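Working notes, structure below.
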Amino acid sequence: MEDRAKNLEILTNILHATCGVDPALVIESSRLIEDLNVDSLGMLEAVIEFEDAFGVTVDASLIPPKPKVSDLLDIIHR
Amino acid sequence: MEIYRRLEKLYLFHRQGEFRCLFVPGAEFSLIADDIDKARLKAFCSVAPEANLNSDLDGRDPSYWHILILSPDNRLLGGQRLRFSLNSGHWSSATSYLEYSYPGITSVLNEDQRPFVEVGRVFVTSYARGDHRILPLLLKLSSLVAQHYGYKSILGLMSYTYISSKNIPAILFLDILQQGIDASDLALMIPAPRHPSILKRLPSNLRPSKIPFVDLRACSLHQVVSLVNAEMGNAKYLSTEKSPFRIPPFLSVHSRLSHAVPIGLSEALGYNLIHEILMETDLCNDSKGATHPCTQSPLTDLPASLC
C-alpha cells in the first residue's frame, strides 16, 4: 500500500510535467480525459515517461479507452 | 461507410477490441483515396501548418499496401501505407517516397541483406483524435505485419518542423542528429538524400565549441533531447531559454513506441522549413522493437503473398 502511494506521487509528477495537470487534482479515481483534461498524445507521452519511471513496458493500445489513474497504477502492480 | 463494409469482407486481418484492421492492396486505393486524402491533410497540417497543402496524395499510393483501422460503425479511424523491399517489384522515385528521398536505397539495403518495410503517411482521423489507442495500434500493426512476412527492419520518414534560425535548441537538435548520422557506418550504406540537408548553423557566439557526439544507433530521440537540454543548461543559453526543449509530441510518441532510431536527415522537397528524419525500427530477435509487448501477438489472417 505504501508502494502504491509512492507510485501515485511519481505518476502525479509525470502527469504534471507532460500534460500540465494540477497535482492537487490527481487521485486514484481521477479520470484522465474527463477530469484531468489529458488529450490522446498527452496520454501517450505520459505512458512513455511512466515506462521509464517504473521500468515497465506497456502496450498503449490496450489501455482502456477512458482510463482512470488507478488503471495506470494497476499496470505496475500486476 | 459502405465502402469500408465492402473492404472489410475482403481484407480484414486483425481485430483488437472494438477495432477492425484491414490490409488493403494498392489496387483498391482509388476507392478510398478521397477519405484518406482528407484525413492525411488534417494530420499533416496539424504538425506542419506552414506547408499549406491542398492535397496529400502523391500518386504513389497504388504501389503501397494500406493498413486501415475501422470503428464498429465502419468509420475510418486511422491508417498508414507500407511497401516491402523484396516483394514489390521494381521501385523508383515514382512509386516510393523513400526511394524518391534516398535514390537507390532499396537495392543498396536489399543487396546488403537488410530488406525492409517502408512505412509512411501515418494518420489518425479527426473522428478518432481523442482516442489514445489508435496511434499505438497502427505502430503495433506495422511491426506485426513486417514480422509476419519475415522482415527485420522498418524504415520511415518523420517530419520535423524547423521553426526559425532563432530556435537554438531545434538547431542544436538537428545538428547533433546530422553529426551522428554523418559518423555512422550505416551512413555509408544509405545513398545521399535527393535534397541534402542545408541546416542553418547556430550564430557563432552561441555555438558550443564542440557539438556532443552521439552514437545514434544506440540512442533514441529522447536521449538526443536530453543531450540538447544538457547543452542548453550551459550558462550562455540561460538568458534565452526558459523551458526545456521538447520535440513535437507526435514525433516523440512515434519514435518511442516504435523503438525507432534516427539514421538519416534531409529537407523535404518544397517545404524548406520541414526536415525529415529517417527512422529505423530494428525487429531482429533481441532488439527492443522485437521484444516490446506490442509485437508479441502473431497475425494469422494476412494474405500469403504480397504480389
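In this text, all values refer to a predicted model and were calculated from it rather than measured experimentally. When reading the values below, keep in mind they use all heavy atoms of this one structure, side chains included, and skip hydrogens, waters and symmetry mates.
The structure places CG of Leu44(A) at 10.5 Å from CD1 of Ile134(B), a figure rounded to the nearest 0.5 Å. Taking CG from Asp131(B) and NZ from Lys66(A), the interatomic distance works out to 9.5 Å, rounded to the nearest 0.5 Å. Taken from CD1 in Ile48(A) to OG in Ser220(B), the straight-line distance is 9.5 Å, to the nearest 0.5 Å.
The existence of a salt bridge linking Arg246(B) and Glu45(A) is confirmed by a sub-4.0 Å separation between a basic side-chain nitrogen and an acidic carboxylate oxygen. Residues Arg256(B) and Asp52(A) are paired through a salt bridge, judged by an N-O separation under 4.0 Å between the basic side chain and the carboxylate.
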Evaluation steps, side chain to side chain contact (heavy atoms under 4.5 Å, CB included), between Leu41(A) and Leu135(B): CA-CA 9 Å; Leu41(A) 276 176; Leu135(B) 180 58; 4.2 Å; yes
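For NE2 of His16(A), the number of neighbouring non-hydrogen atoms (other residues, nucleotides, ligands) closer than 6.0 Å is 12 at most. Atom CD of Glu9(A) is surrounded by 12 or fewer heavy atoms from other residues, nucleotides or ligands within 6.0 Å.
Using a 4.5 Å cut-off on side-chain heavy atoms (C-beta onward), Arg133(B) and Ile63(A) make no contact.
Using modelled atom types, one side-chain atom of His132(B) and one backbone atom of Pro64(A) make a donor-acceptor pair closer than 3.5 Å.
Contacts of Ala46(A) with chain B are absent, with no heavy-atom separation under 4.5 Å from either backbone or side chain. Of the atoms belonging to Leu138(B), not a single heavy atom falls under 4.5 Å from chain A.
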